[in-house]
Amino acid sequence: MKNANKNTAGPFQRPFNKTVFFSYTAIVLVVFVWGLSPHITSYILQYYSSGLYSATGALLSGIALLFLCFPILGKLDKRHLKIAVPTGFFNALANLLQKIGLQYTTPTQYAFLENLSCVVVPILLYLFVRKKPGVMTVSASALCLFGCFVLSGMHFSGGMAMGKGELLCALAGFFYGVNIAATGAFAKDMHASLYVLVQTWVTILVSFGGAIILSSVKINGAVLEPLRFSWNPFHLLLVAVLALFVSTLCWIIRTNAMKHVSASVVAIMMPFSSVITGILSVLMGKDALTSTLLIGGGLIFLAAILSGLDDILIDRRQKKSSIQ
């Protein structure tokens with residue numbers, strides 16, 4: 001009888017799941033690192049065009065991943081290609097649309113619209129795998145989007161114009177959401193490094209194509225973005241560091257963590273990287289501490305907590321029902 005009781009103990013009587021705990025910790029680490037990187041990126045973009053910088057970083061990541069994955073390349077199968085190719089394409093397309101859209105909109109509207117993924121992901125998860133979002137997840141998504149709105153410093157007093165720049169940035173936010181949702185829905189049983197390897201090489205192709213497009217298409221007689229590249233060893237070192245750590249390592253960590261953390265939670269946690277960027281700007285003396293940073297950051301943080309709790313509670317209920 002004692003053994004029977006032991007086997008039927010509900011999930012609430014069990015110690016916390018270390019794998020889930022470390023997965024959440026990994027996501028927090030990625031958010032923190034991605035929050036630090038814009039300050040380095042802004043320095044690099046003084047010497048590189050954004051399209052060529054993205055393409056160069058992706059190429060370095062792709063080469064590094066080839067070396068890393070060489071012993072396990074034999075495990076690369078059609079399943080990885082079936083999911084990683086389209087998700088990599090959507091992510092690369094989002095990056096390209098973001099860069100083009102930024103030419104025609106304000107940084108504040110761009111910052112807000114790119115985070116539409118926090119609302120898109122729960123909807124896509126339901127369409128992909130019929131995972132119905134909990135009430136707290138829906139509330140957290142709306143709260144996160146409102147927090148992004150506050151953080152961006154936007155307001156509707158004069159009305160929000162939806163021109164081509166805003167449309168492109170909104171599409172970028174949607175495509176980021178497709179990448180997150182599809183990865184969370186279909187890549188849980190795949191090797192994270194191989195999955196990221198395929199995504200990265202798709203990104204390389206799209207990024208170099210995007211750089212060519214940005215440097216070829218003319219608006220009012222001027223190209224969208226002239227090609228700029230620096231061979232300075234220090235600049236190349238910074239590009240390599242960002243490619244290896246911010247892109248390669250963080251993408252592998254996030255993909256692994258998403259095997260145990262809902263894609264909805266990840267989509268809501270990611271915008272907090274903007275808060276990290278803002279806090280670092282204040283510490284560096286670049287910006288002043290404002291109410292928008294405090295309120296917007298607080299709302300996003302609360303949204304992340306709510307979505308995480310909802311994900312854990314749903315997982316425990318599912319385990320409890322499966323045991324019974």
Side-chain angles (χ1 to χ4, degrees), residues 19 22-38 40-41 53-96 98 114 117 121 124-125 128 172 175-210 239-267 269-270 273:
T19 302
F22 285 119
S23 296
Y24 274 95
T25 304
I27 295 295
V28 171
L29 175 64
V30 171
V31 169
F32 183 78
V33 173
W34 283 356
L36 297 178
S37 62
I40 304 175
T41 300
Y53 161 68
S54 298
T56 303
L59 180 61
L60 292 174
S61 293
I63 294 172
L65 282 163
L66 277 178
F67 280 102
L68 178 66
C69 296
F70 184 77
I72 57 172
L73 282 178
K75 297 181 180 180
L76 184 63
D77 55 22
K78 292 181 179 179
R79 293 185 314 115
H80 289 85
L81 298 175
K82 186 178 179 180
I83 304 301
V85 169
T87 55
F89 174 77
F90 280 120
N91 187 68
L93 183 60
N95 287 331
L96 178 60
Q98 196 181 64
E114 73 164 345
S117 57
V121 170
L124 290 177
L125 282 177
F128 289 159
F175 289 141
Y176 281 133
V178 174
N179 173 275
I180 295 172
T183 298
F186 305 119
K188 289 185 181 295
D189 62 339
M190 297 182 186
H191 198 292
S193 297
L194 291 175
Y195 182 79
V196 176
L197 170 67
V198 176
Q199 278 196 328
T200 301
W201 278 93
V202 172
T203 300
I204 291 170
L205 296 176
V206 176
S207 296
F208 274 105
V239 173
V241 168
L242 288 179
L244 296 178
F245 290 97
V246 177
S247 297
T248 308
L249 184 59
C250 283
W251 272 95
I252 292 174
I253 291 173
R254 196 186 80 163
T255 303
N256 258 322
M258 287 180 67
K259 295 179 180 180
H260 309 284
V261 178
S262 171
S264 296
V265 179
V266 173
M269 291 178 70
M270 286 299 111
S273 62

One pair to check against side-chain contact (heavy atoms from CB on, under 4.5 Å): L59 and W201. What are the steps and the verdict? CA-CA 8 Å; L59 180 61; W201 278 93; 4.2 Å; yes
[X] versus [Y], closest heavy-atom pair with distance:
X: A181; Y: F128; result: CB-CE1, 3.9 Å
X: G62; Y: I204; result: CA-CD1, 4.1 Å
X: A182; Y: T87; result: CB-CG2, 3.5 Å
X: A263; Y: L125; result: CB-CD1, 3.9 Å
X: T203; Y: A92; result: CA-CB, 3.8 Å
X: A55; Y: S207; result: CA-CB, 3.6 Å

Show me, pair by pair, the donor-acceptor contacts under 3.5 angstrom made by side chains of residues 243-254, not counting sequence neighbours?
{"unit_1": "T248", "atom_1": "OG1", "unit_2": "S61", "atom_2": "OG", "d": "3.1"}
{"unit_1": "T248", "atom_1": "OG1", "unit_2": "A243", "atom_2": "O", "d": "2.8"}
{"unit_1": "R254", "atom_1": "NH2", "unit_2": "N179", "atom_2": "OD1", "d": "3.4"}

Under a 3.5 Å distance rule, please check whether K75 uses its side chain to pair with a backbone N or O of H191 as donor and acceptor. no
I'd like to know if the side chain of N91 and the backbone of A94 have a donor-acceptor N/O pair within less than 3.5 Å.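 It does not hold such a pair.
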I need the [X] [atom1] to [Y] [atom2] distance, nearest 0.5 Å.
X: M258; Y: K188; atom1: CE; atom2: NZ; result: 6.5 Å
X: K82; Y: F186; atom1: NZ; atom2: CZ; result: 9.0 Å
X: I40; Y: L36; atom1: CD1; atom2: CG; result: 7.5 Å
X: M190; Y: Y195; atom1: CE; atom2: OH; result: 7.0 Å
X: L76; Y: C69; atom1: CG; atom2: SG; result: 8.5 Å
X: T200; Y: I63; atom1: OG1; atom2: CD1; result: 11.5 Å

Pair K259 + D189, salt bridge at N-O below 4.0 Å: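 Salt bridge flag = no for D189 with K259.
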Quick check on side chain to side chain contact (heavy atoms under 4.5 Å, CB included): which of V202, I72, L65, L68 does L197 satisfy it with? L65
Given the rule in the side-chain contact (heavy atoms from CB on, under 4.5 Å) test, do N95 and F90 qualify, once you have shown the distances and angles that lead to the verdict? CA-CA 9 Å; N95 287 331; F90 280 120; over 6 Å; no
Steps toward side-chain contact (heavy atoms from CB on, under 4.5 Å) verdict (Y24, V28): CA-CA 6 Å; Y24 274 95; V28 171; 5.6 Å; no
CZ/F89: more than 12 non-hydrogen atoms of other groups inside 6.0 Å: no
Would M269 and V30 satisfy side-chain contact (heavy atoms from CB on, under 4.5 Å), going step by step from the backbone distance to the final call? CA-CA 10 Å; M269 291 178 70; V30 171; over 6 Å; no
Minimum side-chain heavy-atom gap [X]-[Y] below 4.5 Å:
X: M270; Y: W34; value: yes
X: F175; Y: I180; value: no
X: V198; Y: I83; value: no

